[in-house]
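Note sheet for the following structure.
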Amino acid sequence: MSRSAVKPGECVVLGGPSGAGKSSILKMIYGNYRCDHGRILVRDGDEQVDVATAEPRRILALRGSVMGYVSQFLRVIPRVSSLDIVAGAATDSGVSQADAWARAERLLTLLNVPERLWSLPPATFSGGEQQRVNIARGLAADRPILLLDEPTASLDAANRAVVVRLIEEKKRAGAAVHRHLP
Amino acid sequence: MMAKLNDKPLLSARNLGKHYGQRLGCRDVNFDLYEGEVLAVVGESGSGKSTLLSLLATELSPTAGAVNYRMRDGETRNLFDLSEAERRFLLRTDWGFVRQDARDGLRMGVSAGGNVGERLMAVGGRHYGRIRDTASDWLNRVEIEPERIDDLPKSFSGGMRQRLQIARNLVTHPRLVFMDEPTSSLDVSVQARLLDLIRGLVSELGLAVIIVTHDLAVARLLSHRIMVMRQGRVIETGLTDQVLDDPREAYTQLLVSSVLAA
């Protein structure tokens, strides 16, 4: 891909066979993989940041307030409950504590994670449950850019529909953000 | 965790090096550390990471370079130009040092409460009751039952001793904490608990941390940035997940691929 741009509220799909580099591109945007050449410009308020050359702490700041990333895999942190994982992702992006808890509960409910699991760390959950906690975490935050790497892979049809609905919700919120930022 | 992006570094190492006679400890180390940042220094034994930590904590004198530190009054000083009294004051108040072996970081003949209270007295705490209350509060925060306040660390398990070390170090609200392999002497399940505790406290208190570890999973869990050392030099540096997921140097690739899961 030589040149590409994404606007607020827009959803771009990277398609292609496995091994084509779809995930690598997302990881480069997120700063997880390095770029050998080229630029990745991300708008943070009035500033444009080139992820390809930015300092680590600049990228961390972007991840805090601008870019979110959801993969299929949840990296489990010992002893942190599912509800805390999801709510923590929201507070990290600047959402208030009370709002974060409400969002976390709503997302876990919508994604059919049984309430009896909320207080447990996801280490012992099934693969599908872990994936849904991970998606809830990715969607709990308020960030203008959301990078989704096969978010619905291996989900059943009902849960896939929920994820699609939640992504639509995010797109509408993104469009609203656009109108406020000229 | 990111406070302001335009603030000044808390600590800057410039061309820092140490030779033990002819033998190289480390050389040409350059980095900036900002408040609230956790930097992991990784490498195999003999890579120079412990020498580097000792230099930064002013336990060793460098043979080259400087370490600039922004003091609480806002003034930036080269640590190796400080007087002995100034250096000691930093060590007791603004810094913490969590050692691999708790026996090096604790006073084994002094009670748990005494170990925590000692640091408070060093910064001018005089009121016995208040010191005891604060110590008890900190024991609680590191998940040691307050009833154990008068027990000696000798009677504590390895994990409890490490948690006591953490309480002792954090009670004075330092801005910078050095950690030297804090979990490597513990069982895996005890490690997880300690790591989680450290992770929580570091983000809650906004601490800057320099942690030396050979365990890449520890670096992954705790740090924002990583420096990979080999034969006394920093060979690769960057965001932790970037260095671990997309290592540039062949040596780092080897390190990453030789662990079970990081």
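The figures that follow rest on heavy atoms only: side chains count, while hydrogens, waters and symmetry mates do not. Just so we're on the same page: letters track the sequence lines, and every chain starts at 1.
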Checklist line | Aromatic plane relationship, B:His173 with B:Trp138 - under 30° parallel, 30 to 60° tilted, over 60° perpendicular | finding: perpendicular

Check: Below 4.0 angstrom, N of the basic side chain to O of the carboxylate: do B:Arg14 and B:Asp28 qualify?
Finding: no

Item checked: More than 12 heavy atoms from other groups under 6.0 Å of CD on A:Glu10 -> yes

Next item on the list: Please check if any side-chain donor atom of B:His214 sits under 3.5 Å from a side-chain acceptor atom of B:Glu181, or the reverse.
Entry: yes

Check: Is it true that the side chains of B:Tyr251 and B:Gln231 contain a donor and an acceptor less than 3.5 Å apart?
Finding: no

Next item on the list: Identify which one of B:Ile226, B:Val42, B:Thr252 satisfies the side-chain contact (heavy atoms from CB on, under 4.5 Å) criterion when paired with B:Glu236.
Entry: B:Thr252

Notebook entry, point to check: Are there residues of residues 197-210 of chain B that reach to under 4.5 Å of chain A by heavy atoms, and which ones?
Noted result: B:Leu197, B:Arg199

Checklist line | Side chain A:Arg143, main chain A:Gly64, donor-acceptor under 3.5 Å | finding: yes

Check: Does any heavy atom of chain B fall under 4.5 Å from the side chain of A:Asp36, the backbone, both, or neither of them?
Finding: side chain

Check: With chain A, which of B:Asp196, B:Leu195, B:Thr237, B:Thr240 has the greatest number of heavy-atom pairs at distances under 4.5 Å?
Finding: B:Asp196

